[in-house]
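Working notes, structure below.
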Amino acid sequence: MARLGRVVLARLAGSVPVLLIVLVGVFLLLDSAGGDAVDAYLLSMGGGDAQMAAELRTRYGLDGSALSRLLFTLGQYARGDLGWSIALNRPIGPVIAERLPNTLWLMGSATALSFLLGSALGVLAGRRPGSLLDRVLSGGSLFLYSIPSFWLGLVLAVVFAVQLRWLPVSGIETIASGKAGLARAADIARHLVLPVAALGMIYLALFLRIMRSGMAEAWGQDFTLAARARGLPDWRITLNHAARNALLPLVTMLGLQSAAMLGGSVVIESVFAIPGFGRLAQEAVAGRDAPLLLAVILTSALMVVIANLLVDLAYGWLDPRVGSGAGHD
Amino acid sequence: MTLLVARGLTKTYPGARRIRALDDVSFEIAPGETLGLIGPSGCGKSTLARVLTRLTEPDAGTIRFGGQDWGALKGRALRRARGAMQMVFQDPGAAFHPRATVAGALCEPLRLHAIAPRSDWPDHVELLLTQVGLSPELAPRPLSALSGGQRQRVAIARAIAPRPKLIVLDEAVSALDASVRARVLDLLAQLQRDMGLAYLFVSHDLAVTRALSHRIAVMEAGRIVETGPAEALLAAPRTEILRRLIAAVPTIHTEKVPS
Amino acid sequence: MTLLLGLTGLSVHYPGASAPALADLGLALFEGEKLAIIGESGSGKSTLARVIAGLLPPGSRIEGRIDWGGGPTPRPGRDIGYVFQDPGGSLNPLLSVGRHLTEVLRTHLPLTARDARARAAELLDTVQIPDPARALNAYPHQFSGGQRQRIAIALAIAARPRLLIADEATSALDVLVQAEITALLRALCDAKGMTLLFITHDMALAGQLADRIAVMHAARMVEIGPAARVLRAPRESYTRSLLAAHLDLASPRLVGEAR
Amino acid sequence: MLATISRRGVLTGTAALLASTALPRLALAQGGGRLIVAADSEPRQLNPAIVASNGVFFISSKVIEPLAEASYDAGGLKPLLATGWEGSEDGLSITFTLREGVSWHDGTPFSSADVAFSAMEVWKPLQNIGRSLFANLEAVETPDPLTAIFRFSKPTPLQLIANALPVVSSVLPKHVYEGSDIVENPANRALIGTGPFKWGDYRPGEYYLLTRNDSYWGEGLPHLDDIVFRVLPDRAAAASSLEAGEVHLAAFSSVPLADLDRIAKVPGLSVVTKGYEALTYQLIVEINHRTEELSNLKVRQAIAHAIDKDFVLDTIFLGYAEKATGPVPANDPTFYTPDVTTYPFDIAAAKALLDEAGYPEGPGGTRFSLRLLPAPYFAETRQFGDYLRQALAAIGIDAQIVPHDAAGHIKAVYTDHAFDLAIAPTVFRADPAISTTILVRSGQPDGVPFSNQGGYANPELDALIDEALVTLDRDKRVALYKDFQRMVTADLPLINVADWSFTSVVADSVTGVATNPRWVVSNWAETGLSE
Amino acid sequence: MTRPFLRRPEALLGGAILLALILIAGFAPLIAPGDPLAIAGRPLIPPFTDAGLPLGTDRLGRDLLAELIHGARTSVAVGLSAALVAVFAGMTVGTAAGFAGGAIEAALMRIVDAFQIVPGFLLALAFVSVAGPSLWVVVLAIALGAWTGPARLARARVLSLRESDFVAAAKVMGMSPAEIAFRQIMPLALPPVLAVASVIVAAAVLTEAALSFLGLGDPNSVTWGAMIAEGRNQLRSAAYLSIIPGIALVLTVISTYLVGEALTDSLTGRDKR
């Protein structure tokens with residue numbers, strides 16, 4: 001375990017320069033924008049006078065140079081402080097802590113669903129490439145893959161929430177319900193069904209296709225032929241030999257897609273009114289709140305780094321040729 | 001006068017196991033001579049071939065070739081001098097640009113070493129193809145349309161195009177079927193006689209090496225453990241490794257059948 | 001001599017290919033004999049091995065008859081063991097050697113998990129893998145090429161098949177290892193009374209191992225007979241040309257002795 | 001005054017009124033219950049005394065009350081924390097009589113000291129509207145706990161202050177704010193007021209929870225147990241939440257106009273247009289007079305002629321708006337006059353004016369090009385932008401839409417002046433002096449949103465605006481503002497296109513809806529739930 | 001054996017749809033002359049009820065068919081341009097990194113990493129909000145999140161090709177590094193990148209739609225995403241407003257995938273057995 005800890009720490013340390021590039025880039029982007037946090041604030045007030053704007057800029061330190069503001073923010077990070085959000089008028093740390101779980105739930109469930117179902121269906125499709133089942137699953141996945149997730153979300157909401165009233169329309173849990181423990185978990189789960197379906201479908205299709213083509217590739221390899229020559233039962237060759245090997249590119253793809261999934265959740269959060277990272281980022285951009293946007297991007301990037309690390313560890317565990325996960329690159 | 005003198009070549013590959021691929025290797029090759037280099041897989045013979053052709057830089061050691069400090073040549077000077085030392089690879093499928101045609105592949109050395117004006121290239125290509133026993137009609141064909149044996153002949157034609165003094169043959173016939181291999185070996189021997197070429201013939205196959213080599217060097221674990229004239233060496237092996245290599249050659253227990 | 005397998009008028013077409021991979025082939029294989037099939041690349045020798053083991057790709061068209069003497073159609077793995085050319089490729093890189101072996105053992109034999117593991121260790125011992133108990137937990141990439149081929153042989157013979165097919169089982173190996181594996185195959189067949197179908201492109205190897213030799217050329221079997229007779233007095237010109245191309249330490253050299 | 005600004009809305013509004021008040025539901029409504037309301041935004045500053053805007057009032061007006069609220073009754077005002085107000089003859093003071101027996105949510109009694117503190121320490125120095133409105137406020141005297149006397153340095157019309165009261169006079173507890181940094185006081189995030197509801201909880205991005213104030217001064221009020229504002233920034237989500245029965249009320253047109261017809265037919269839901277009469281929004285075309293072509297009155301008139309207001313009303317507002325004739329909306333009972341220059345839709349006239357102005361059609365029919373910046377924060381302003389582009393194309397003006405997000409738009413128009421035409425949704429706040437004259441008065445410093453940033457300067461108009469500001473006589477003041485409307489429509493510093501207000505979609509179970517002209521931003525003490 | 005590209009039925013189907021789309025996009029001004037945003041009739045005419053306006057009109061009375069046709073133009077243009085920018089940038093950086101090695105490679109790959117760990121859509125969102133949603137900004141924003149894939153692919157391919165025999169042969173022949181890099185290796189590194197280009201095109205079309213859906217599209221041109229976003233508010237009352245552009249979108253993306261998949265198979269020699 002100590003070794004694993006070191007590996008994790010080393011990876012996180014190694015990503016520091018990358019994160020720095022990200023932070024500086026995003027800061028410069030937002031800094032070049034027309035309008036600042038005070039413009040956004042004045043809009044929300046319905047106007048104000050020039051002196052007021054000047055006072056506000058001084059109050060929020062917006063009158064300093066871009067460099068000094070960047071250094072100030074980075075200095076805060078070095079002290080483990082995420083800073084103060086101008087747009088929300090709150091410290092950023094707690095905001096992130098409130099929103100992160102929602103996005104994680106959405107993303108995590110969508111990933112789990114699409115990965116499990118996608119790989120299982122991919123095995124079915126890839127078992128006999130070219131068969132009727134394969135054609136149906138491949139065609140179906142291509143269709144799912146081509147549907148914009150926001151559109152799917154809209155339709156699902158209309159059908160299942162508004163018409164049938166089986167599931168809630170939006171939100172992450174019943175507001176101020178006072179529920180706790182299992183009842184709350186069940187409530188959150190009910191709220192997640194539709195957004196997870198909308199977000200997960202496209203990745204389900206993606207994973208299905210990758211698994212299927214991985215299977216097709218595995219069938220062309222000597223070891224599956226050798227397994228047939230050894231008289232192993234069909235299911236065993238499919239699962240233990242072909243599928244197991246086809247899982248490797250899928251796991252790699254899981255890492256590569258983690259950033260994209262996080263991005264995809266932005267639109268879904270908007271459709272289903274889930275207060276998550278995507279909405280926070282939109283609010284940050286709209287409010288020209290550089291510290292908040294930086295914190296959101298930093299946290300997302302960290303999440304992606306961690307997701308990739310987990311994927312690498314899983315890869316190392318799946319593939320004995322790769323060391324404990326540290327050596328895989 | 002020797003064509004090539006290698007002294008103290010040493011090469012260690014970095015990495016976890018730090019394999020010493022070449023360990024103080026020294027040898028000579030005379031003009032027009034074939035030196036066979038034999039050894040089990042992993043003994044370092046391919047590394048030696050790559051070090052000689054300057055595809056890999058040694059950690060230590062010197063190479064003199066054609067009176068020049070070959071190992072010290074750099075950049076443009078090296079590229080210009082390369083015409084004198086060519087190489088033929090094991091896999092005739094991988095040694096050409098995947099989209100090359102026969103003529104295209106053969107024109108590259110002509111252009112790079114200014115062997116002939118552009119207008120004369122077609123004639124040279126035709127000549128080269130004839131020299132390696134191929135029909136000039138193959139010239140416009142893509143290499144991927146040729147058989148393995150034909151491709152290896154084109155590789156040899158490409159190697160002789162810049163009129164080299166030495167050709168390094170790295171397992172050059174190992175991937176070929178026996179009957180094709182025999183004919184390619186005949187071709188190599190004939191080119192040597194006609195052009196006065198020297199060969200470094202790297203192979204794991206003792207029988208093949210013996211057939212083409214004047215002298216043989218035996219490698220084991222990065223070192224040359226035994227060198228000598230081919231027949232004499234095989235008649236009286238001094239090292240265990242050579243004895244084992246000899247014993248491993250499958251023999252048909254019968255007199256040769258007249259063909 | 002009991003007939004193990006009879007092939008009559010056997011032809012094979014691969015899907016999408018115009019020319020047959022095997023054409024009108026007849027063969028009788030007897031119990032306990034060692035038959036070598038030789039031929040150059042594309043001659044159909046591997047197709048022959050695969051059609052017998054039932055390993056042709058789906059969509060292949062088979063004509064003619066395959067008759068199994070004494071009993072029902074054998075099951076691959078249980079009644080027919082198959083060793084492939086590439087020892088690396090035929091093992092699943094993600095499964096331990098132990099898993100490979102127990103998987104085969106428990107598929108074909110009524111063994112408990114513990115017994116299967118013990119049996120697996122014995123098998124590894126039989127094919128001379130050092131420290132079998134530890135080897136069970138190791139993965140294919142941790143072994144050398146020769147050892148991997150030994151493991152592949154252990155897998156092929158795990159269920160004590162009547163017929164062992166070795167499809168170019170030694171040609172991807174180093175010369176020194178090649179001899180050891182050949183010896184192992186011979187010893188195993190002799191000890192267990194297995195019939196051996198040995199596919200190779202090497203005349204001499206066939207001669208060393210086989211009782212009978214069949215020569216394939218362009219999808220047809222051109223000659224079959226006792227090994228000594230085929231090698232000593234080939235009836236077909238193709239066989240003669242193959243023999244002529246064969247090189248061993250007694251073959252005439254192509255170059256003069258070193259000056 | 002029962003002004004309903006929608007032609008089609010009269011019916012639905014009345015129907016809803018019937019449904020909610022004519023039936024004896026009020027009696028049933030005493031049962032309390034939880035009202036769930038869709039909220040489309042989360043204001044960063046929730047204190048209504050600092051930020052006097054509808055987004056803030058929507059939530060905070062239930063907790064913190066002003067001195068008076070708008071009313072349908074004659075006089076237009078209903079007393080809340082103040083029971084009476086009286087101006088002096090010289091216009092230099094206004095005396096407020098305060099309500100007895102009011103206490104803050106923390107139990108402390110409410111007194112004139114709180115009003116004095118709010119006026120001098122918050123409204124005058126900090127509040128977006130108060131900063132100009134109370135610029136001349138010198139002191140607030142508190143002779144006794146129930147009397148507050150506002151003293152001004154210049155004559156100040158009582159009419160103006162009274163009209164502004166619902167918006168500018170939210171009273172803060174002195175004991176909570178005194179001596180602190182008022183803008184950053186923690187109480188701004190957990191409001192303490194005198195209102196019918198107490199601050200409950202806030203989960204950013206999810207909801208605000210307000211709970212019943214059991215010791216509210218109003219007899220038997222409020223009816224509801226609590227109010228939940230559910231954050232639903234997405235307009236379609238608000239509609240489906242209503243349909244799914246997850247939300248009782250969506251205000252501020254959070255249900256898209258285009259969906260109203262359908263949703264009005266959903267059983268159990270009604271569309272209500274009442275309750276916004278004092279919250280009139282004006283769709284205006286802001287003009288950058290620095291642009292050479294636009295400095296020409298004929299060009300401005302041509303543009304005014306090119307706009308088909310009927311189309312705008314029917315298609316963009318689907319009837320939920322009224323044609324604007326000038327800078328004061330027709331539904332204002334006091335200041336409005338229809339006697340102004342009007343610009344009927346007339347393409348030929350528009351073209352002729354452009355020809356006269358010296359901008360003939362070039363090759364391809366284009367006379368000149370303009371940058372058009374529609375404000376991005378309302379669907380209607382964006383759609384009108386799309387329409388205006390087409391309308392201008394018809395008279396040979398090539399308008400390219402320059403898109404910005406909200407903050408970018410504010411900066412581009414009001415600070416950088418990087419526009420030729422802009423489309424803004426300004427608010428008419430019951431008196432032209434509060435936020436209307438600033439749109440045309442010269443001398444506004446750069447960077448002030450919703451003010452004259454088009455570089456328009458008309459000394460005559462400026463003088464009129466200044467005069468009206470210190471005119472105490474009611475009738476004279478009204479007359480001055482009628483002149484103001486005539487001058488603006490004649491010279492077109494900007495073009496008023498339409499006046500619109502919002503709609504609410506309300507579940508039939510909600511009672512006490514639209515009981516005053518600022519209903520959605522009032523305290524909802526009388527709102528209840530039946531069943 | 002790889003089947004030639006044109007002998008695959010799915011490729012033919014996809015290719016036919018895509019070709020039709022490109023033709024429609026190219027000749028949009030001829031098929032539907034005039035400004036597609038012009039008001040053509042009464043608002044909200046349902047489809048197939050008015051011969052003059054076969055697909056009906058939208059909320060402002062604009063001809064839906066004209067919008068759809070011109071929307072194809074935007075979608076195709078944005079998809080192709082974004083993919084082009086991404087592939088070009090990715091190839092350049094990836095090839096440079098693969099060849100240069102050492103510190104330059106490390107630095108370039110850190111930048112690639114940086115772009116890869118930031119959710120591309122977040123980045124696009126921020127970029128478009130800040131730079132203002134013109135078509136080129138949208139193209140750039142999409143490319144910003146898409147170029148890392150081609151960069152990694154190109155680098156990996158260059159790294160493996162660098163070690164291959166034919167490169168060694170070219171070296172031994174005396175070819176200069178620059179010639180090896182650009183004449184020998186570059187053309188071979190292109191096919192796998194081109195193969196993913198179709199995925200990038202499809203993803204770009206979807207991303208553009210998503211951005212427009214969130215209100216970040218160029219208001220001066222018609223886009224299908226914006227049409228869906230517009231129609232979304234009438235999803236229940238006039239569903240056709242978002243269903244019609246939705247179908248167009250799905251068709252475009254599917255056909256791009258089909259063509260891309262067939263292209264990948266023939267370019268990389270992969271084939272379904």
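Here the structure is a predicted model, which means the values were calculated and not measured. Numbers restart at 1 for each chain; the letters A, B, ... are given by sequence-line order, proteins then strands.
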Max heavy-atom pair count under 4.5 Å with chain E, selected residue of B/Pro98, B/Ala100, B/Pro162: B/Pro98

Locate the shortest heavy-atom distance separating E/Asp165 from B/Ala94; write the atom from each residue and the value. CB-O, 3.4 Å

Contact winner vs chain B - E/Gly174, E/Ser164, E/Ala170, heavy-atom pairs under 4.5 Å: E/Gly174

Residue B/Pro109 versus chain E: region with a heavy atom under 4.5 Å: both

Toward chain E, the part of B/Arg76 with a non-hydrogen atom under 4.5 Å: neither

Atom of B/Ala95, atom of E/Ala169 and distance for their closest heavy-atom approach: O-CB, 3.6 Å

For B/Arg54, is it the side chain, the backbone, both, or neither that has a heavy atom closer than 4.5 Å to a heavy atom of chain E? neither

Is it the case that atom NZ in B/Lys165 sees more than 12 heavy atoms from other parts of the structure closer than 6.0 Å? no

Interatomic distance, CZ@E/Arg183 vs CD@B/Glu108, rounded to 0.5 Å, equals 5.0 Å

Most heavy-atom pairs under 4.5 angstrom with chain E, which of B/Gln90, B/Arg50, B/His113? B/His113

Heavy atoms of E/Met173 and B/Leu112 approach each other most closely as O-CD1, 3.9 Å

For the residue pair B/Met87 and E/Val172, what are the closest heavy atoms and their distance? N-CG1, 3.8 Å

Non-hydrogen atoms of chain E under 4.5 Å away: do they reach the side chain of B/Arg80, the backbone, both or neither? neither

Most chain E-contacting option - heavy-atom pairs closer than 4.5 Å, from B/His97, B/Gln86, B/Arg111: B/His97

Apply the test salt bridge (charged side-chain N to carboxylate O under 4.0 Å, His left out) to residues B/Arg79 and E/Glu179: give CA-CA distance (whole Å), side-chain angles for both, the deciding distance (0.1 Å), then the verdict. CA-CA 12 Å; B/Arg79 293 205 294 277; E/Glu179 193 182 343; over 6 Å; no

